[in-house]
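Contents: one structure, followed by commentary.
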Amino acid sequence: MFLEFKQQVTLILNDAMESLGYGTDDLNLEPSQHADIASRVAFRLASKLKQNPKDIAERIAAAVVIPDDSYVDSVEAVGPYLNLRANRRYLDETVSRIRSETDGFGGGFCEGRIIMEHTSANPNGPLHVGHIRNSVIGDTLTRILKRAGYDVDTHYYVNDMGRQIAIVSWALSHFEFDTSKKSDHSIADVYIKANAELEAHPEKVAEIDRLMQLVESGDEETMERFDKAVGFAVAGIKETLLKMNVAHDTFVNESGFVRSGAVSRIVDEIKATGRTEIDNGALVVDLLSYGFEKSLVIQRTDGTSLYTTRDLAYHEWKGEQAERVIDVLGADHKLISGQLKATLNAIGKPEPEVVIFEFVSLPEGSMSTRRGKFITADELFEQVGEQAFVEVDKRRPEMPDEFKKDVAATVGIGAVRYDIVKVSPEKSTVFNWKEALDFEKQGAPFIQYSHARACSILAKAKEEGLWNPATTIDPSVLVEDSEVTFIKKMAQFDNVLDQSARELKPHIFAIYARELADSFNQFYRFVPVISAEEESDRNSRLALVDCARIVLANALETLGIGAPESM
RNA sequence: GGGCCUGUAGUGUAGUGGAUAGCACAUAAGCCUCCGGAGCUUAUAUCCCGGGUUCAAGUCCCGGCAGGCCCGCCA
């Protein structure tokens, strides 16, 4: 709704400016506490026209012509600002559209195909609390883009032939594999032991190199051993992802690009640019003209490919299938992703859009799978689930255990996802058990509670024969401040979705979802609904509660968080 | 040593160069005997430091300081 309003405002103001001979310009539209939308265009024009911005604003306001069917109610110049207000029709239309469009409300305004790659952690152990920042950002972005209207295919790029996997494969034949544990956890156990062993006996590293050469040359037996190792880890990782409502459409194996010949083809293409040279036996690409001091190694001295080389082939392939290719990567990939983009550019291939998030560390330092220093996602979910159960039990002691367990799982995962997604990706964070288990912090449970509250109000009204969803209602009686504020908040849905989709910033949407719940609670606090005296007030307010239920459910779905009807 | 990111109340965070720096936790004081109290209201900030650009800087530029990440044959 707000997107249409903004569009109309843009047209009206540009028309007015043209009629004054100012031409059109960036209107500097901004949300404002003084209006539904404000324009600072007068500031811009002031320096250009060498006139007082206040006078310019006044002239523009006077020149505005509002069409009959507009959502714009008024344009007012306040000092140098142009304050625009939405009219009653805008509010009424918002309410009726939410109820007619339900889960499609506020979305579907984009089109195109996107490949989103996220998580892609090495299959050498379980996901830890750092990896899931990638998963949550990637999955939330996917949901945002899908809701905005894109066709999104999600990829998990599986490193099934790198050095680390060679170590895992080697480890499986040297150490006992504990089958009583979740398979990815057992993989980490042997991987950690193998690394310690290799550190103590550096001469054994040659065995790893040998494995890598064998797998690169397509040796059947070695490939099978690698596949087995990778299979154990990936199975466990998938299970963990599923717990947090994350599912990838495709798991793409790196080795496929070596076997298909795509890797050697792309190496040839890079060579053809004349940018390559042999440095100490390795093949490197000179990217100085792209601003990279150091050249990029794309082939080892022994002729085997590197992660980067295979990644180039993978990106070439992705670029052929979608208009937009998005990668969610940790901050450690900043340099390498820049070099990857430059190399793709050098051979005339489309470059991915890279979303970088900063690291999650532990109070005692950074995490490391190799050294066994990490907190697994599974452990976090278990602890959070237990704590959530305690909280549910405290509030709904009369409910059966089954109910408490279900709600605890939904609330626990929701709390974890929300805590991660609400923070801007460029901030590094420190994992803290006390905070992770603190449900008093307003986050997902607050939004879920608001949704459950709306559901419960409607259920109660229905039970008392006061509510029938099919009743036609008159939204224009919703005139209380808290009602109007809440309707406007819901109308913002498309605008926030659009901004987070354009800027690839999921935290903007997360913050909006909380504000939405906040706004609903304020409405409910100040206005009687079931106990309203007039029937038309009661019906319209119940319809507004129904809107809250719909929009809150949509927001939670977009965040990948469950929306229980009771909790 | 070089590059990139971050630095906002006790803590955690939001904030496209513009109108009173928004929110939560913790703390304190309240709320129609409340239609779900996991709710609502109120109180608490020299925006790391120093310069600069601008009519206007938390936001842009330069220099510090602190933390994170990276700097070829790992991924």
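Proteins get letters first, then strands, A, B, ... in listed order; numbering begins at 1 in each.
- Annotation: B:G2 and B:U54 have their P atoms spaced 30 Å apart (nearest Å).
- In this structure, the nucleotide among B:G36, B:A75, B:C73 sitting nearest to the side chain of A:I336 is B:A75.
- Residue A:K427 places its side chain closer to B:U13 than to any other of B:U13, B:U41, B:G68.
- Residue A:Q522 places at least one side-chain N or O under 4.0 Å from the OP1 or OP2 atom of B:U41.
- For B:C23, the paired nucleotide is B:G12, the pair qualifying as Watson-Crick or G-U wobble because both relevant distances are below 3.5 Å.
- Checking A:S361 against A:T308, the closest nucleotide of RNA chain B that is more toward the 5' end is the one next to A:S361.
- Nucleotide B:G58: unpaired (no Watson-Crick or G-U wobble partner with both distances less than 3.5 Å).
- A:D302 comes within 4.0 angstrom of nothing in the nucleic acid, heavy atoms only.
- Within 6.0 Å of the NZ atom in A:K462, the count of heavy atoms belonging to other residues, nucleotides or ligands does not exceed 12.
- Atom CD of A:E565 sits in a sparse spot, with 12 or fewer heavy atoms from other residues, nucleotides or ligands closer than 6.0 Å.
- The residue A:R40 sits close to a base: some heavy atom pair falls under 4.0 Å.
- In this pair, A:F257 and A:Y314 present their aromatic rings tilted. The plane angle is within the 30 to 60° band.
- At the heavy-atom level, A:A282 lies under 4.0 Å from base atoms of the strands shown.
- A:G162 comes within 4.0 angstrom of sugar-phosphate atoms only, judged by non-hydrogen atoms across all strands, and of no base.
- Pair assignment for B:G30: B:C40, on the basis of Watson-Crick or G-U wobble contacts that are both within less than 3.5 Å.
- By the 30° and 60° cut-offs, the orientation of the rings of A:F523 relative to A:F520 is tilted.
- B:G72 atom C1' lies 8 Å from atom CG of A:L296, rounded to whole Å.
- Contacts of A:Q164 with the nucleic acid, taken as non-hydrogen atoms under 4.0 Å apart, include base atoms.
- The residue A:E30 sits close to a base: some heavy atom pair falls under 4.0 Å.
- Nucleotide B:C55 holds its C1' atom 13 Å from the CD1 atom of A:I56, rounded to whole Å.
- Here the P atom of nucleotide B:G72 and the CG atom of A:L335 are 9 Å apart, to the nearest Å.
- For the pair A:K294 NZ and B:C73 C1', the interatomic distance rounds to 13 Å; values are reported in whole Å.
- B:G39 and B:C32: their C1' atoms are spaced 14 Å apart (whole Å).
- For A:R396, whose side chain is taken as the heavy atoms from C-beta onward, the closest listed nucleotide among B:G36, B:A75, B:U41 is B:G36.
- For the P atom pair drawn from B:C73 and B:A14, the interatomic distance equals 35 Å after rounding to whole Å.
- Here the P atom of nucleotide B:C35 and the CZ atom of A:R541 are 16 Å apart, to the nearest Å.
- Within 6.0 Å of CZ in A:R210 there are 12 or fewer heavy atoms belonging to other residues, nucleotides or ligands.
- Residues A:W467 and A:R538 fail the side-chain proximity criterion, which asks for heavy atoms closer than 4.5 Å.
- Listed pair A:R300 / B:A75 meets the phosphate criterion, a side-chain N or O lying under 4.0 Å from OP1 or OP2.
- Pairing for B:C4 goes to B:G68, judged as Watson-Crick or G-U wobble with the two contacts each under 3.5 Å.
- Checking B:C40, B:C73, B:G36 against every side-chain atom of A:R525, the shortest atom distance belongs to B:C40.
- Separating the P atom of B:U44 from that of B:C55 is a span of 34 Å, rounded to the nearest Å.
- To the nearest whole angstrom, the two P atoms, one in B:A28 and one in B:C5, are 42 Å apart.
- Applying the salt bridge (charged side-chain N to carboxylate O under 4.0 Å, His left out) rule to pairs touching residues 327-336 of chain A yields A:K318-A:D327, A:K334-A:E358, sequence neighbours excluded.
- Counting any heavy atom pair closer than 4.0 Å across all strands shown, A:S366 reaches sugar-phosphate atoms only and no base atom.
- In this structure, A:V360 reaches neither bases nor backbone, as no heavy-atom distance under 4.0 Å exists between it and the strands shown.
- The pair A:E483-A:R541 counts as a salt bridge, with a side-chain nitrogen and a carboxylate oxygen less than 4.0 angstrom apart.
- Taking the P atom of each, B:A75 and B:C71 are spaced 12 Å apart, rounded to whole Å.
- A:F226 is linked by a ring-ring contact (aromatic ring centres under 6.0 Å, His included) to nothing, counting only residues two or more places apart in sequence or in another chain.
- Spacing between atom CD1 of A:I561 and atom P of B:A38 amounts to 19 Å, rounded to whole angstrom units.
- The gap from the C1' atom of B:C69 to that of B:C62 amounts to 24 Å, rounded to the nearest Å.
- When rounded to the nearest whole Å, the span between CD of A:E480 and P of B:C32 equals 20 Å.
- Rounded to a whole angstrom, the distance from the C1' atom of B:A26 to that of B:G12 is 11 Å.
- Between A:H34 atom NE2 and B:U20 atom P the separation is 7 Å, expressed in whole Å.
- Residue A:Y449 places no side-chain N or O under 4.0 Å from the OP1 or OP2 atom of B:G36.
- Nearest-nucleotide assignment on RNA chain B puts the 5′-proximal partner with A:T429, out of A:T429 and A:V529.
- Shown here, B:A45 forms no base pair; nothing in the strands shown gives a Watson-Crick or G-U wobble contact with both key distances under 3.5 Å.
- Within a heavy-atom distance below 4.0 Å of RNA chain B, the residues of residues 455-465 of chain A found are A:S456, A:I457, A:K460.
- Other residues, nucleotides and ligands place more than 12 heavy atoms under 6.0 Å from the CD atom of A:Q51.
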